[in-house]
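Accompanying notes for the structure given below.
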Amino acid sequence: MTALPKTFRVKSFGCQMNVYDGERMAELLGASDMTPASDGEDADLVVLNTCHIRERAAERAYSEVGRLRRDDGSRPMVALAGCVAQAEGAEASKRSKMIDLVVGPQAYHRLPQMIAEAATGLRPIDTDMPAIAKFGGLPRRRRSGPSAFLTVQEGCDKFCTYCVVPYTRGAEISRPWDDIVDEAQALIDGGAREITLLGQNVNAWRGEDGKGRAGGLHSLIRAIALIDGLERIRYTTSHPADLTDALIAAHGDVPKLMPYLHLPVQSGSDAVLKAMNRSHSADSYLRLIERVRAVRPDIAISGDFIVGFPGESEKDFCDTLAIVDAVGYASAYSFKYSPRPGTPAASMEGAIEAQVMDERLQRLQERLRAHSLAFNRATIGKDLTILLDRRGRLPGQMIGKSPWLQSVFVETKASIGELVDVRITHALPNSMGGVLRRSAVAA
Ligand code: SAM
Ligand code: SF4
């Protein structure tokens, strides 16, 4: 039997969906008579909101747990949450005596109850995956930064052979229309000016509006765009198979929808794409990008890449470099293939040597950096509207995002949450700098 925790800290790892879940857990704990621990203060409860995508994910999570032991030998109550919790389940409590409760990504609305059980000495585990019951059990959103995340879709039915997500997050489910529009309104009332709609396959979202009309992500975007006070809409991550004509059309005629599309391709080789069970070929992907650019020529394309998938030849890898050049990505995430236990690719033959993988990743990243730099340099001399979202390290310096999601540094007296016009004066691959033109709320 231990005392109920009074203070808490939520530590999130991995993707934006985990960041969103971490925020919701913190709001839930805050509404349950607990307060966030201040910086440097020991928390009574630590929630580790883990990610299972990368190599040695479980080992890393257990070593994070071990690090929570304090110098005097005491420790906080520890909740293991997120995708490692989902994948490990009861095994987690067996492997580490420090873990007091294990909660999967679809069950965290039960955290307060599980914490009370843990305080009595029980070690509760909930890794059930009911159809998005959790959202109904979470408090209404109250405060938000200028740029907010809003999960609209969870899970994945695509079963790419390398990926653990369909197993840790379950089948594709869409949150109901009204819940999403209500949450968007609450975020805007709480200070948000930009909303990023999130989903493992966000463009697989399907739902019905209040009048019973069925629609896809495009109809949701159009509805949210009508909300006063919201200036910018983004969405991520999209799958090429679900990029419909209607969603492409929205990029052409919804001004609040920002000119940015994260559309992972993973590889430029058709043989590798087939082995990955991606439903697109290099050519069909390029044609999709052409159609998006036809309605929004200035759109920034971003992507995800995996190098060293089993059986990837030098020629396959060169096809990846070729697709990078053909698209001219504005930004991208690139990873070395990591076998995930239980996925089909983990037992495929043709493992790529670590040294070859390292070398390919380096070559790919050099190529991607060159394209990012070219994309950013093309904006030098132009006036861009920037949404300020944090302070810079230098006195008077603020950092914000351009419509193309570039980070822009500027000296200004304007505050976080304001939109300002900045003339871009210099560019690096990951950021740009400029001078203030005028303070304005952009259309
Ligand atoms: N649903 C998204 C899509 O279709 O691309 C991606 C979601 S996944 C969480 C994010 C990225 O992690 C993937 O696009 C992929 O590049 C990378 N990833 C997933 N599994 C991986 C693995 N086993 N090894 C290396 N990278 C991986
Ligand atoms: Fe993973 Fe593929 Fe689903 Fe993306 S589409 S979450 S990469 S299985």
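Every number for a ligand or one of its atoms is a count from 1 in the order of the listing.
- Tyr162 is not listed as a side-chain neighbour of Thr343, based on a closest heavy-atom distance of 4.5 Å or more.
- Of the residues listed (Glu154, Glu183, Gln153), the one engaging Arg175 in a side-chain hydrogen bond (donor to acceptor under 3.5 Å, both in side chains) is Glu183, and it is the only one.
- Across all non-hydrogen atoms, the minimal contact from Val47 to Met25 is CG1-SD, 3.8 Å.
- Counting all heavy atoms, side chain and backbone alike, Ser12 lies closest to Asn49 at OG-ND2, 3.1 Å.
- Ring centroids of His280 and Tyr285 are separated by less than 6.0 Å, placing the two rings close together.
- Checked against the 6.0 Å centroid threshold, His262 and Tyr333 count as a close aromatic pair.
- Here His239 and Phe159 keep their ring centres 6.0 angstrom or further from each other.
- The contact shell of ligand 2, taken as protein residues with any non-hydrogen atom closer than 4.0 angstrom, comprises Cys156, Lys158, Phe159, Cys160, Tyr162, Cys163, Val165, Pro166, Asn201, His239, Arg278.
- In this structure the side chain of Ile180 reaches within 4.5 angstrom of the side chain of Leu220, judged on heavy atoms.
- Arg206 contributes a side-chain N or O that, together with a main-chain N or O of Asn203, makes up a donor-acceptor pair within less than 3.5 Å.
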Mind listing the N or O contacts between ligand 1 and protein, cut-off under 3.5 Å?
residue  : atom   : partner : partner atom : Å
ligand 1 : 1 (N)  : Gln200  : O            : 2.7
ligand 1 : 4 (O)  : Arg278  : NH1          : 3.1
ligand 1 : 5 (O)  : Gln266  : NE2          : 3.1
ligand 1 : 14 (O) : Gln266  : NE2          : 2.7
ligand 1 : 14 (O) : Asp304  : OD2          : 2.6
ligand 1 : 16 (O) : Gln266  : OE1          : 2.7
ligand 1 : 23 (N) : Tyr162  : O            : 2.9
ligand 1 : 23 (N) : Ser338  : O            : 2.8
ligand 1 : 24 (N) : Ser338  : N            : 3.0

